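Inspection log for the structure reproduced underneath, given as structure tokens.
What you see is a predicted model, and the numbers here were worked out from it, not measured in a lab. Within every chain, numbering begins at 1; the chains are lettered A, B, ... in the order of the sequence lines, protein sequences first and strands thereafter.
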Amino acid sequence: MRKMVGRSRWQNNFSEWFNEIVQVAEIMETRYPVKGLYVWLPYGLKLRNHVISALKELLERTGHREVLFPLLIPENLFKKEAEHIRGFEGQVYWVTHGGHDRLDIRLALRPTSETAMYPMFSLWIQSHADLPLKIYQVVNVFRYETKMTKPLIRLREVTTFKEAHTAHATAEDAERQIREAIQIYKQFFDRLCIPYIITKRPSWDTFAGAVYSIAFDTLAPDGRTLQIGTVHNLGQNFSRVYDVQYERVDGSYEHVYQTCYGISERAIAALIMVHGDDIGMCLPPEFAPIQVVIVPIPYKDVQAPIEQTCTEIYERLKQAGLRVELDLRDLRPGNKYYYWERRGVPLRIELGPTDHANQRVTAVRRDTGERIHVPLDRVAERVPQLLREIETSMRRRAWEEFRKRIKTIASVDELQNAIHNRNVGRVPWCGNEKCGLEIEERVEGSVLGEELFTEAPKNRSCVVCFQQANKWLVVARTY
RNA sequence: GGGGUCGUGGGGUAGCUUGGUCUAUCCUGCCAGCUUUGGGAGCUGGUGACCUGGGUUCAAAUCCCGGCGACCCCA
């Protein structure tokens with residue numbers, strides 16, 4: 001049996017690895033001549049579409065309806081909510097001209113869509129019967145990043161922003177919606193086999209205009225966390241400004257309570273990085289553009305029958321609903337192995353003279369390198385089974401690796417040490433903003449927030465002020 | 001926000017310090033042919049590059065300035 005592929009470059013030269021794989025696996029063309037903009041290639045776009053479908057399915061199943069808003073937002077609407085604009089104004093692209101004419105009102109390329117949508121909400125929502133309103137869209141958004149850009153991770157055009165927006169009659173219902181959103185995102189990332197930690201962002205890192213923000217973070221091989229999803233409770237901050245009111249049963253009026261939540265193509269970045277190794281990607285079968293590749297090994301005297309059998313297998317798997325590719329190119333088998341392995345195809349089926357003589361194929365798992373002989377007449381049942389096994393073990397392995405790198409720690413010094421060693425630190429915290437900010441001063445990481453869905457620390461003292469701690473604060477280097 | 005390094009065929013590079021036989025090196029890729037096929041085969045032939053704009057100079061891949069782009073470090 002072949003040993004699992006190494007991960008030294010993946011881990012120690014992650015940035016280089018990532019940039020190379022994104023290109024070599026034909027996810028994106030990174031040479032587009034504008035900073036922070038990239039081209040989706042056919043293979044990458046298929047991957048992207050599968051990811052989008054999975055989330056759409058989860059959103060539709062929970063009563064969200066898809067819409068599509070314009071890209072341009074007039075300045076006066078965009079600037080209505082003071083906090084919101086304060087958070088975004090430094091990174092907005094403005095359209096100032098139409099042809100030769102200077103526009104009277106500048107138009108923003110949406111950095112996010114609250115200010116485009118909520119004026120419409122005020123037209124759409126009249127009575128309590130219109131609530132809750134739950135919509136989403138998958139669009140591009142623009143943010144003028146001044147920092148170094150990186151494909152799929154830090155972009156000036158986020159091309160795959162899956163944003164949901166909801167409106168509710170009561171604060172309680174908005175809270176319920178937050179919990180639903182978290183459940184949806186959990187299921188989504190579970191399907192992607194991406195591990196995550198959920199935190200409530202600290203007050204100084206809340207989404208501009210939100211009451212509070214909750215975020216999902218995963219971990220890159222280089223020890224930085226990657227924010228892959230956010231859920232915001234907007235309270236009535238926006239509905240007051242955009243005058244989104246509804247009429248109650250008793251005839252009185254109230255502003256709606258809102259939430260919004262979004263996921264970008266960072267989910268795809270996570271998919272690539274979390275499951276990668278030194279050769280390249282390894283994609284969970286649900287999302288792999290090609291789930292199975294068949295590689296014939298055509299020795300001269302048996303070439304025709306082997307290719308014939310491969311074609312039959314190909315047809316059979318295709319009929320079983322799998323995304324399968326038959327590689328008949330005139331290349332050596334080894335060359336083809338590397339080719340498909342880099343692209344993350346989860347399962348390879350080889351058929352050579354020995355297999356042929358024994359009426360079997362050799363299946364090779366991308367995640368473990370394990371070789372499995374499958375009788376020809378059982379291929380159609382065994383392959384889907386193997387794909388399920390691959391998914392399960394990919395998910396388990398990813399979570400195991402993730403958990404190992406979340407370190408529970410009792411002092412600031414140890415925290416700095418853990419972060420330095422490419423881990424995520426989890427420290428007892430009193431809940432005071434001052435202590436949180438001091439931690440950011442004293443270690444080379446940032447506060448992700450207070451960990452949610454976990455037991456509060458017992459008999460522990462805050463690592464800064466040594467008062468009774470009631471929360472776990474998660475700290476890491478971040479993207 | 002501050003500092004630094006760099007830009008040569010599709011990818012990776014040599015050449016730059018000391019300007020001139022650079023008609024630009026090597027590896028890889030790609031195309032054609034032969035030969036091969038159980039982990040990146042071999043041989044032959046072919047294809048293809050000095051980021052951009054200005055400046056210095058008899059002469060610029062090489063020196064200077066701007067732009068665009070890439071990467072790294074610090075806050």
Using a 4.0 Å heavy-atom cut-off, does A/Pro296 contact any base of the nucleic acid, only the sugar-phosphate backbone, or nothing at all?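 No contact at all - A/Pro296 keeps every heavy atom at 4.0 Å or more from the nucleic acid.
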Scan A/Arg329 against the nucleic acid and name what it touches under 4.0 Å (heavy atoms): base, sugar-phosphate only, or nothing.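 Answer is nothing: A/Arg329 stays at 4.0 Å or more from every strand.
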May I have the distance from [X] (atom [atom1]) to [N] (atom [atom2]), rounded to whole angstrom?
X        : N     : atom1 : atom2 : answer
A/Asp330 : B/U37 : CG    : P     : 12 Å
A/Leu41  : B/G10 : CG    : C1'   : 13 Å
A/Ile306 : B/U36 : CD1   : P     : 16 Å
A/Tyr299 : B/U36 : OH    : P     : 13 Å
A/Tyr338 : B/U37 : OH    : C1'   : 16 Å
A/Gln303 : B/U37 : CD    : C1'   : 9 Å
A/Glu29  : B/G11 : CD    : C1'   : 11 Å
A/Asn335 : B/G29 : CG    : C1'   : 11 Å

Please tell me whether A/Trp472 and A/Thr454 have a donor and an acceptor in their side chains that are separated by less than 3.5 angstrom.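 Absent: no donor and acceptor within the cut-off.
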Encoded 5' to 3' (Watson-Crick or G-U under 3.5 Å; [ ] crossing; | other strand), RNA chain B becomes (((((((..(((.......[.....))).(((((.......)))))....(((((..]....)))))))))))).
Check this for me: does any side-chain nitrogen of one of A/Arg316 and A/Glu381 sit under 4.0 Å from a carboxylate oxygen of the other?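 Salt bridge flag = no for A/Glu381 with A/Arg316.
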Taking the basic N atoms (NZ, or NE/NH1/NH2) and the acidic carboxylate oxygens, is any pair closer than 4.0 Å for A/Arg191 and A/Glu286?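 Answer for the salt bridge query: yes.
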B/G40 base to A/Glu341 side chain: any donor-acceptor pair below 3.5 Å?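 Not at all, since no donor on one side and acceptor on the other fall under 3.5 Å apart.
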Is it true that A/Tyr118 and A/Phe238 have ring centroids separated by less than 6.0 Å?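 Here the rings of A/Phe238 and A/Tyr118 have centres that are less than 6.0 Å from each other.
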Is the distance between the ring centroids of A/Trp399 and A/Tyr196 under 6.0 Å?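 Judged by ring-centre distance (under 6.0 Å), A/Trp399 and A/Tyr196 do meet the cut-off.
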Taking only the [atom1] atom of each, what is the distance from [N] to [M] in whole angstrom?
N     : M     : atom1 : answer
B/G10 : B/C50 : P     : 8 Å
B/G19 : B/C58 : C1'   : 12 Å
B/A60 : B/C65 : C1'   : 15 Å
B/U57 : B/C16 : P     : 24 Å
B/G42 : B/U35 : C1'   : 8 Å
B/C26 : B/C73 : C1'   : 32 Å
B/G33 : B/U23 : C1'   : 28 Å
B/A59 : B/C43 : P     : 45 Å

Are the side chains of A/Pro333 and A/Lys336 in touch, meaning some heavy atoms are under 4.5 Å apart?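 Side-chain contact under 4.5 Å: no.
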Do the side chains of A/Ile419 and A/Val475 get nearer than 4.5 Å, heavy atoms only?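 Contact flag for A/Val475/A/Ile419 side chains = yes.
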Stacking between B/G39 and A/Tyr337, yes or no? Criterion: centroid separation under 5.5 angstrom, plane angle under 30 degrees.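 By the stated criterion, A/Tyr337 and B/G39 do not stack.
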Would you say A/Arg332 reaches B/G38's phosphate, i.e. side-chain N/O to OP1/OP2 under 4.0 Å?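 Yes, such a contact exists.
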So does A/Lys336 get a side-chain nitrogen or oxygen closer than 4.0 Å to the phosphate oxygens (OP1/OP2) of B/G39?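 Indeed not, no polar side-chain atom of A/Lys336 lies that close.
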Could you list the residues that satisfy side chain to side chain donor-acceptor pair (under 3.5 Å) with A/Arg360, not counting sequence neighbours?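 Here the qualifying residues are A/Asp355, A/His373.
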Using the side-chain heavy atoms of A/Arg31, tell me which of these nucleotides is nearest: B/U37, B/G38, B/G11.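 Minimum distance to the A/Arg31 side chain belongs to B/G11.
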Between the side chain of A/Glu163 and the main-chain N/O of A/Ser113, is any donor-acceptor distance below 3.5 Å?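 Answer holds: yes.
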Can you name the nearest heavy-atom pair linking A/Val324 to A/Tyr314, along with the distance?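 For A/Val324 and A/Tyr314, the tightest heavy-atom pair comes out as O-CE1, 3.3 Å.
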Is the cationic atom of A/Arg348 (NZ for Lys, CZ for Arg) positioned less than 6.0 Å from the six-membered ring centroid of A/Tyr337 and within 45 degrees of its normal?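 Yes, a cation-pi geometry holds between A/Arg348 and A/Tyr337.
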Nucleic acid footprint by protein, nucleotides 67-75 of chain B - heavy-atom cut-off 4.0 Å, B for base, S for sugar-phosphate alone: --SSSB--B
